[in-house]
Amino acid sequence: METPQSASSLDIAVATDYQIESVALIDRAIQIRWNDGIDSTYHYIWLRDNCPSAFHPHTGERSFDLLSVSKDIHPLSVSFDETTLTIEWSEQAHISHFDQSWLREFGYSSALAKDHSSPYKSWDGTFIDHIPMYDQHSIMTSDSALYEWMSALDKYGLTIIDNMPDDADSGVQTAMRVDYLRQTNFGMTFDVISEKSPINLAYTSLSLPLHTDLPNQELPPGYQFLHFLSNESIGGESTFVDGLKVLEGLREEQPEYFRLLAEYAIPFRFHDTAHDIREHHPVINLDNFGNIVEIKYNAHLADIFDLPSDVMYDYYLAYRELMARLKDSRYKIELKLAAGQMVVFDNRRVLHGRNAFDENVGERCLKGCYVDRSEFKSRLRTLKKQLA
């Protein structure tokens, strides 16, 4: 390693890819010039907070107390060699050693700033001929197949798993290849059959309009697994619409309606003899970077709107516009799934429903469960690392 020297005098070229060429001290930050010509800035306080010693060696959790140093902490000296940037700090007699590859990966300025655009790919009704289909046995026995299926599900929000065993628990076992299940007031799992005294329209033979499940929950469920154990009744075709595609059109063509649905929360409610679960949500959720990440839409669970009086009428116009777009046949997929198939979809993106069916002819029985988005995304990341 080089002998530490003042940053102002550092101007050392490194020949290999993605290595530091020079560093300089600027206002409260170090500016690095990489040998591919990219300049990146790292603030002193950020560097001290992210010193490798700031994290527990086993858990990886941050153990450093940011308030143990002042806001004016700065380097006394900076040096680097082919792999490492070293900083001697003005406080606590502390020295930090940063891998150059780490600095490159976590650069947050200029060309190194992360791309926060959405990884999702939206679709319309023509997607019916392109729905990703996967074999259940492969998913259960191969991490590569599991990763391939989960990647497609993450991207498109809708997949079908074929060759499910004739076993009511096989859908649950498949879901648990991702992670643990989400429990709701309907249980850890639920049977979708026609009942004499239903607590939900799903438990009837009636047509089920397009919706997302349980927007009345503080956090609606993420991915829904519906295993078709039988589907011999007349009717009962499943319907799906990509809410992302619909909202993209609404945002482009009716931006004011889009804003109202994203800015104002409306009440949702489910109640029976044992539960009264209520929550206010915007119909459209955006992430911090403006990407559409969620739609919460269920006209049957929407409670009495309680918006400000100067917003109410315009909001209803926006809400009606969204309802009309969701019914547009250009966006809808309709298909009759068979016993031995399981449809898996992102409940916070893809709306689902079904056509009415004759409960007196044949049998229609589904077994369902949920896995939340955070667990799904975690599994996807760990699989990617394992298979790299």
Contact check, side chains of S53 and F55, non-hydrogen atoms, under 4.5 Å: no
Salt bridge (Lys or Arg N to Asp or Glu O under 4.0 Å) assessment of D154 paired with K121: CA-CA 9 Å; D154 181 58; K121 184 172 178 59; over 6 Å; no
Neighbour count above 12 (heavy atom, 6.0 Å) for R62 CZ: yes
Flag, side chain of S238 to backbone of R354, donor-acceptor distance under 3.5 Å: no
K114 atom NZ: more than 12 heavy-atom contacts under 6.0 Å: yes
Within 45° cone and under 6.0 Å: R48 NZ/CZ vs F64 ring: yes
Test: R278 cationic atom under 6.0 Å from F268 six-membered ring centre, within 45° of axis: no
Whether H281 side chain and E279 backbone form a donor-acceptor pair below 3.5 Å: no
Carboxylate-amine/guanidinium contact R373 E294, below 4.0 Å: no
Ring centre gap for Y370 and F190 strictly below 6.0 Å: yes
K377 atom NZ, neighbour heavy-atom count above 12 within 6.0 Å: yes
Q341 side chain reached by I161 side chain, heavy atoms, under 4.5 Å: no
Residues K245 and D328 bridged, charged N to O under 4.0 Å: no
Pair D72 + R28: basic N to acidic O under 4.0 Å: yes
Ring geometry between F305 and Y315 (parallel below 30°, tilted from 30 to 60°, perpendicular above 60°): perpendicular
Heavy-atom donor-acceptor pair, N347 side chain to P221 backbone, under 3.5 Å: yes
Flag, side chain of N35 to backbone of Y18, donor-acceptor distance under 3.5 Å: yes
Under 3.5 Å donor-acceptor, N231 side chain and L337 backbone: yes
F240 side chain reached by I128 side chain, heavy atoms, under 4.5 Å: no
Test item: S68 side-chain N/O and D65 main-chain N/O as donor-acceptor pair under 3.5 Å: yes
Contact check, side chains of L146 and R379, non-hydrogen atoms, under 4.5 Å: yes
Crowding at NE2, H280 (>12 non-hydrogen neighbours, <6.0 Å): yes
F376 and W149 aromatic ring geometry - parallel, tilted or perpendicular at 30°/60° bounds: perpendicular
Cation-aromatic face contact R364/F357, 6.0 Å, 45 degrees: yes
Pair E248 + R251: basic N to acidic O under 4.0 Å: no
Residues F270, F186; criterion ring pair (Phe, Tyr, Trp, His ring centres under 6.0 Å); working and verdict: CA-CA 11 Å; F270 171 87; F186 293 98; 5.3 Å; yes
Donor-acceptor contact below 3.5 Å, side chain D346 vs main chain R348: yes
Plane angle bin for Y42 and Y108 - parallel if under 30°, tilted between 30 and 60°, otherwise perpendicular: perpendicular
Minimum side-chain heavy-atom gap Y223-V178 below 4.5 Å: no
Heavy-atom side-chain contact between T174 and M342 under 4.5 Å: yes
Exam field: side chain S109 to backbone T41, donor-acceptor pair closer than 3.5 Å: yes
Residue pair V172 / L181, side-chain heavy-atom distance below 4.5 Å: yes
Q100 side-chain N/O to I20 backbone N/O, donor-acceptor pair under 3.5 Å: yes
Flag side-chain contact, heavy atom, 4.5 Å: V78 against T86: no
Flag if over 12 foreign heavy atoms under 6.0 Å of NZ, K336: yes
N/O donor-acceptor pair under 3.5 Å between S378 side chain and S374 backbone: no
Carboxylate-amine/guanidinium contact R330 D124, below 4.0 Å: no
F345 and H352 aromatic ring geometry - parallel, tilted or perpendicular at 30°/60° bounds: tilted
Within 6.0 Å of CD in Q386, more than 12 heavy atoms from elsewhere: yes
CG (D166) with more than 12 external heavy atoms under 6.0 Å: no
Greater than 12 external heavy atoms within 6.0 Å of N288's CG: no
